[in-house]
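Please read the structure below before turning to the comments.
Remember, it's 1-based here, ligands and their atoms both numbered in the order they're listed.
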Amino acid sequence: MSEVQERSEDPVYQNHIDGQPCAGAEGRQFKAVNPSTGRPWGSFVESGAADVDAAVHAARRALDGPWGRLSPTRRGRLMMAWGDKIAAHAETIARLESTQNGKLIGEMLAQARVVCDWLYYFGGLADKIEGRTIPLERRSVLNYTLREPLGVVGVIVPWNSPTFLTLMSCAPALAAGNTIVLKPSEVTSASAFELVRLAEAAGFPPGVINVVTGARAAGEALVDHPMVAKICFTGSDGAGRAIAARAGARLASCTLELGGKSPNIVFEDAPVDNAVAGILSGIFAAAGQTCIAGSRAYVHERIYDQVMERLVTRARAIRIGDPLAAGTQMGPAASAAQLHKNETMVARALEHGAALACGGERAKVPGFEGGYFYQPTILHRIPEGNPILQEEVFGPVLAITPFSSDDEAVALANGTRFGLAAGVWTSNFARAHTMARRLQAGTVWINTYRALAFNSPFGGYKDSGLGRVNGIESIDQFLQTKSVWCETSDEIQDPFVMKV
Ligand code: NAD
């Protein structure tokens, strides 16, 4: 890795600007922590406004220079070559990710292997961005549109799936011809350097993708920079709101991929085994640290007891441990702060009258005593208005509630400010598609859960976000349209009358 200055147990990374490792202007650093051991892992630049400014200028130079001069076809080919490189280095990336965020090596490997599909798909779209000719009333004018990149895009990502989420933002932005300044999460900064190294090895000109590390202040400097045309943010709704306000103050646009409180609704005619597996994967995979976590389950009263019993039995049997070891089913929370959040939100749910069906404590993992492990937790008998039904935990905490009619299920499922995703479990197709229309969520899964694809749009209703990533329309969010008017007649027009 070009940014690693010394090969030791505790690597030191620098920013990556204009194709070069770059020390921070203020000389400040921060340390990341391995969540499986609680020990420090790697030092990174605590970037300030001067570092962000250098990265944005590099991105602008690349846009006005080699990247802007590339044909869309060549641009797309470079993206595809980058995809090949990432696929070939998937194991290195997955190991870095797992060490940083404690997610299972198998899950990180699957993500690192599949992200090339995003680059193949959006690379293929780069030369299919077309304008239109407009049939004006004024026949003497040729009017056509050009679809142009916005400029420098600031990409800010969270820690839970760093490579995957970085590519979901960067692929459409690059296909549209923009250049990037990436600010990874302070919890998981290292894999961004591997990604940019591979991009440049694939032939990307320096400056097309720049990486500045740091926490909130570095993100704020990027959002505030007057040369950043757009922010593509993935993270919590609180940060998304703050970013949208700052960007709005200088009229920069935002795509916001935010959090959720997604429901799984299980009807009495559901394939119960599949529904139980879907609920378990929705909330306990990745220790619940996914934006699409199915953190609420609504189960028809006729099958409630049997679903509950199976969920509790299987939750208790989940193998918690070293995320790098084969056979582990759940790793630690990604940080001490996240572990603390799990604990305080479960305590608050209990104070507000919920009952604990299983879990609710830290998990002990021999050999990993300093790690941030938390038990798979199921809360039930939850009074209406309990905060656990409204607020995102981002941990392995399921809130389960019975319902008795379709209308009640819809009202309960839609009764939060979020709207990222929802799962519907039924063997009745009319009911399934009616539910799909009635649920306020950007993604509805019927008899499946936690599935994404590069070509299917993804994003939130309500407080879960603005705009979409993935799918053909996501590219529109990184383009602006220019209307070109060309008079073909020599006739001299009246200068005091508007031409329509
Ligand atoms: P976070 O909002 O705390 O941080 C996300 C990123 O934003 C980090 O890089 C952080 O440094 C930066 N940041 C934080 N505050 C900022 C500010 N005011 N200005 C600029 N930058 C700022 O989120 P997190 O804890 O890293 O991630 C968990 C959250 O991300 C959850 O809410 C989860 O649901 C959400 N998420 C959403 C999606 C999606 O696609 N919708 C995907 C994954 C995670």
Legend entry - Check: S189 side chain, S185 main-chain N or O, donor-acceptor pair, under 3.5 Å: yes

Inset, instruction - Check the surroundings of atom CD in E384: do more than 12 heavy atoms from other residues, nucleotides or ligands lie under 6.0 Å from it? - result: no

Inset, instruction - Test F164 against W118 for ring pair (Phe, Tyr, Trp, His ring centres under 6.0 Å), laying out the working first. - result: CA-CA 9 Å; F164 196 50; W118 267 254; 5.1 Å; yes

Inset, instruction - Could you tell me whether the side chain of Q390 and the main chain of G415 form a donor-acceptor pair under 3.5 Å? - result: yes

Under 3.5 Å, sequence neighbours excluded: what are the donor-acceptor pairs made by side chains of residues 227-242?
residue: K230; atom: NZ; partner: T255; partner atom: OG1; Å: 2.8
residue: K230; atom: NZ; partner: Q477; partner atom: O; Å: 3.1
residue: S236; atom: OG; partner: A239; partner atom: N; Å: 3.4
residue: D237; atom: OD2; partner: R417; partner atom: NH1; Å: 2.6
residue: D237; atom: OD2; partner: R417; partner atom: NH2; Å: 3.1
residue: R241; atom: NH2; partner: D463; partner atom: OD2; Å: 3.0

Does ligand 1 have any N/O pairs with the protein under 3.5 Å, and how far apart?
residue: ligand 1; atom: 2 (O); partner: S236; partner atom: N; Å: 2.9
residue: ligand 1; atom: 2 (O); partner: S236; partner atom: OG; Å: 2.6
residue: ligand 1; atom: 9 (O); partner: V157; partner atom: O; Å: 2.9
residue: ligand 1; atom: 9 (O); partner: K183; partner atom: NZ; Å: 2.9
residue: ligand 1; atom: 11 (O); partner: K183; partner atom: NZ; Å: 2.7
residue: ligand 1; atom: 11 (O); partner: E186; partner atom: OE1; Å: 2.7
residue: ligand 1; atom: 25 (O); partner: W159; partner atom: NE1; Å: 3.0
residue: ligand 1; atom: 26 (O); partner: W159; partner atom: NE1; Å: 3.2
residue: ligand 1; atom: 30 (O); partner: G235; partner atom: O; Å: 3.4
residue: ligand 1; atom: 32 (O); partner: E392; partner atom: OE1; Å: 2.6
residue: ligand 1; atom: 34 (O); partner: E392; partner atom: OE2; Å: 2.6
residue: ligand 1; atom: 41 (N); partner: L258; partner atom: N; Å: 3.3
residue: ligand 1; atom: 41 (N); partner: L258; partner atom: O; Å: 2.7

Inset, instruction - Please confirm whether the backbone N or O of I283 pairs with a side-chain atom of Y449, one donor and one acceptor, at under 3.5 Å? - result: no

